[in-house]
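Take a look at the structure below.
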Amino acid sequence: MNIFDQYIDKLKKILTDLSKKGTISLPDKLDGITAEIPPEKFNCDISTNVAMVISKINKKSPIELAEILVDEIKKNDKLINDISVVKPGFINIKFQPIFWTNFIQEIIKNSKTFGINTKEKKKKYLVEFVSANPTGPLHVGHCRGAILGDVIANVLLFNNHKVTKEYYVNDYGNQIINFTKSVYFRIREIKFNEPFPSYNEDLYPGAYLIDFAHNIISSKNKIDFSNFDNISDKLTALSIEEALKLIKKNLNSLGIVHDNFVSEKKLVLNQEVEKVIDFLQKNNFVYKGKIKAPAGEDTSNWVEREQLLFKSTDFGDDKDRALQKSDGAWTYFASDVAYHKNKLDRNFDHLINILGADHAGYIKRISSSVEAISKSKNKLVCKVSQLVKLIKDKKPFKMSKRKGDYITVDDLINEVGKDATRFIMLNRSSDVELDFDFDNVIEKSKDNPLYYVQYCYARIASVFRHLELNLSSEIEIKKFDFEYSSDEIKILKKISEWPKCIESASNKLEPHRIPTYLYELASLFHSYWNLGKDNSEKRFINNDKKITDDKLIFLKAISNVVKSGMDIVGVNVPEKM
RNA sequence: GCGCUUGUAGCUCAACUGGAUAGAGCGCCUGACUUCGGAUCAGGAGGUUCUGGGUUCGACUCCUAGCAGGCGCACCA
């Protein structure tokens, strides 16, 4: 039920009819026609730019064409109250109130599907997100991307697409060796009373490793901890298992559950890296060569060496990228190419990667590899989530990994809660840096948009409570013959934009549009609510402690949209606060 | 030096894929509580959308040249 799409279809039909008659000419493709709710000052319901779009090809002024169209539109639409042409050529339409009564009847009937974008075909998506190294707990830095990925998946699911949420586990490489060694030293610290080496900068100093060590010691595995080399494989597996357990717990407290965890190590052991490089070699995308030092940087330590390179410059990257290290091991990039081949083999229509800002420079090379393998440019979309600036006590809070004083997801959830974290992290476009002010996020006031939206729902719930009705149960109303006032139509207009919001959030992968929209809807509702203070006729419940059907259904429509929006964002809507 | 990205009210940010007189919140100033829960609302002040060119009927949005901030630029992952 997207009234704008419906209206555009109606306009297109009028245009083709007129062009058949020879009244107007049309371009080959009818693109760029919009229908939207205009700014409030125009005092109308829907507005279209159609006259301006066809102005050029007809060599007539938009105003002139609009006048012609207005007559036709009037003939075709009986629910119009008023229609006018406004410079520079917009056609503005005001409906009779019955239009909105019909609208609300439709969306109440189809409350389960209202908002879903029906234009698009069902597709299979893979969303890869978080993919943090399995060497410790998630910290705040991971949070934004995690929530972004999760909500993008939710939006796509809401639109009936098939979505797989995946986590790529980097359980291969030097960092994992250092991580396992660190666990080993913690075990020795416990078992043999040896101090954890402070001199070795490669080790992980975090105290959580002590827990890992305890867990491994007390597990059922019988391990002789006296010699590292004898047990390194076993210990690596156990350590990663510990880390993943913790990470999954962290994700869970954020309300995130992945469908798959794909192991880098397994890809390497299954020779998938060799296979994909072989494939690229046959297609002439791989060669032995040297990488040049970047200009303008201190290159005194630069060592030129010959290594296996991928020709990402063929796809617009600034340099070709190394696939193999000098010791013969695959680079992270090489196994990631194999991982993306693996994704492509699973026949998804679209791949989406969520990356942190610090990995933005990586996008060109990985999308180059996907293009080389799939021969398709738009298969992979990478979405970058910008930094989160933490603010505590009005001051920026810097985290230092070395010192181990970083804020973990656990800290965050304990202090702020899941809902506030999700809502605030999502409230801004992922393209801009985000200020995350602890004091503000905890505050239960209008400064906090989460509570503002929740409060709207709670107010509606309280009306239902007073009437001893259940907000979540279906309402049946036999006669839809009431008329809504202009105050109410203002809110209904906003509701009519809900499908548009979902559509753009989904097409552009910009879920921040949802909290923004919900805030605006809540704001209109709060204003409306307060009208009842000065004017008791505008209250929902009248003096006989009853509610009229139009008001009941009106509240229901608002709460439905708020609920479905908050579901996508992944936060609760309490009936009492 | 190169690449990506951001630049909109004092501050934090929106702006329906190019639309009309650019909108919210915070902060500041006025006002509304024996409330269908004030975690709310009404009103006011506040703008050369970083700068210069270009495309267009029409530009915060697209192109181009700059300026400023952020991120990145080997075999780390």
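Letters A, B, ... are given to chains in the order of the sequence lines, protein chains preceding strands, and every chain is numbered from 1. All values below were derived from every heavy atom in this structure, side-chain atoms included, with hydrogens, water molecules and symmetry-related copies excluded. What you see is a predicted model; the values in this text were computed from it and never measured.
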Using the C1' atom as the point on both nucleotides, what is the distance between A22(B) and A9(B), in whole Å?
11 Å

Measure distances between side-chain N and O atoms of Asn92(A) and base N and O atoms of A20(B), and say whether any donor-acceptor pair falls under 3.5 Å.
yes

Using a heavy-atom cut-off of 4.0 Å across all strands, would you classify Phe4(A) as base, sugar-phosphate, or nothing?
nothing

Can you tell which of C71(B), U40(B), C13(B) lies closest to the side chain of Arg459(A)?
U40(B)

U55(B) and A74(B): how far apart are their P atoms, nearest whole angstrom?
41 Å

Assign the ring pair Phe103(A) / Phe114(A) to parallel, tilted or perpendicular, where the plane angle (0 to 90°) is split at 30° and 60°.
perpendicular

From the set C41(B), C71(B), U21(B), return the single nucleotide nearest to any side-chain atom of Lys41(A).
U21(B)

Just call it for Asn507(A): base, sugar-phosphate, or nothing, with non-hydrogen atoms closer than 4.0 Å on any strand.
base

With a 3.5 Å cut-off and just heavy-atom distances, do the side chain of Ser47(A) and the base of A20(B) make a donor-acceptor pair?
yes

Specify the separation, in whole Å, of atom CD1 of Ile33(A) and atom C1' of C57(B).
16 Å

With His526(A), which residues qualify under ring-ring contact (aromatic ring centres under 6.0 Å, His included), at least two apart?
Tyr452(A), Tyr455(A)

State which of C71(B), C57(B), C16(B) makes the closest approach to the side chain of Met52(A).
C57(B)

Listed nucleotide nearest any side-chain atom of Asp318(A), set C2(B), C13(B), U40(B):
C2(B)

Contact class for Ile176(A) (heavy atom, under 4.0 Å): base, sugar-phosphate, or nothing?
nothing

Nucleotide nearest Ser429(A) (side chain, heavy atoms from C-beta), chosen from A39(B), A14(B), A77(B):
A14(B)

Whole-angstrom distance between A42(B) and G47(B), as gauged at atom C1'
24 Å

Using a heavy-atom cut-off of under 4.0 Å over every strand shown, decide if Phe333(A) touches base, sugar-phosphate, or nothing.
nothing

Touch check for Lys56(A), heavy atoms < 4.0 angstrom, all strands: base, sugar-phosphate only, or nothing?
sugar-phosphate

Do the charged groups of Lys500(A) and Glu497(A) touch, with an N to O distance under 4.0 Å?
no

Is Ser527(A) touching bases, backbone alone, or none of the nucleic acid, heavy atoms closer than 4.0 Å?
sugar-phosphate

Identify whether any heavy atom of Glu575(A) sits under 4.0 Å from a base atom; if not, whether one sits that close to sugar-phosphate; answer base, sugar-phosphate or nothing.
base

What nucleic acid atoms does Asn301(A) come within less than 4.0 Å of, heavy atoms only: base, sugar-phosphate, or nothing?
base

Indicate, with a heavy-atom threshold strictly under 4.0 Å, whether Arg428(A) touches base, sugar-phosphate, or nothing.
base

Checking all strands, does Lys319(A) fall into the base, sugar-phosphate, or nothing category for heavy-atom contacts under 4.0 angstrom?
sugar-phosphate

C1'-based separation of U8(B) from A59(B) [nearest Å]
14 Å

Using the ring of each side chain (for Trp, its six-membered ring), is Phe333(A) parallel, tilted or perpendicular to Tyr362(A), with breaks at 30° and 60°?
perpendicular

At under 4.0 Å between heavy atoms, what does Val463(A) touch on the DNA or RNA strands: base, sugar-phosphate, or nothing?
base

Out of G72(B), G70(B), A20(B), whichever nucleotide has its closest atom nearest the side chain of Leu387(A)
G70(B)

Does U17(B) fall in syn (glycosidic angle within 90° of 0) or anti?
syn

Once ring-ring contact (aromatic ring centres under 6.0 Å, His included) is applied, do any residues pair with Tyr287(A), and if so which ones, sequence neighbours excluded?
none

Separation between CD1 (Ile83(A)) and CG (Leu69(A)), nearest 0.5 Å, reads 9.0 Å

Atom NZ of Lys494(A) to atom P of A24(B): distance rounded to whole Å?
11 Å

Please classify the nucleic acid contact of Ala458(A) as base, sugar-phosphate, or nothing, using heavy-atom distances under 4.0 Å.
base

Tell me if the centroids of the rings in Tyr528(A) and Phe540(A) come within less than 6.0 Å of each other.
yes

Can you tell me, in whole Å, how much space there is between the C1' of G43(B) and that of A15(B)?
24 Å

Pick base, sugar-phosphate or nothing for Gln386(A), based on heavy-atom distances below 4.0 Å to the nucleic acid.
sugar-phosphate

Name the closest nucleotide to the His526(A) side chain, picking from G19(B), C16(B), C41(B).
C41(B)

Looking at every strand, decide which applies to Asp431(A) at a 4.0 Å heavy-atom threshold: base, sugar-phosphate, or nothing.
sugar-phosphate

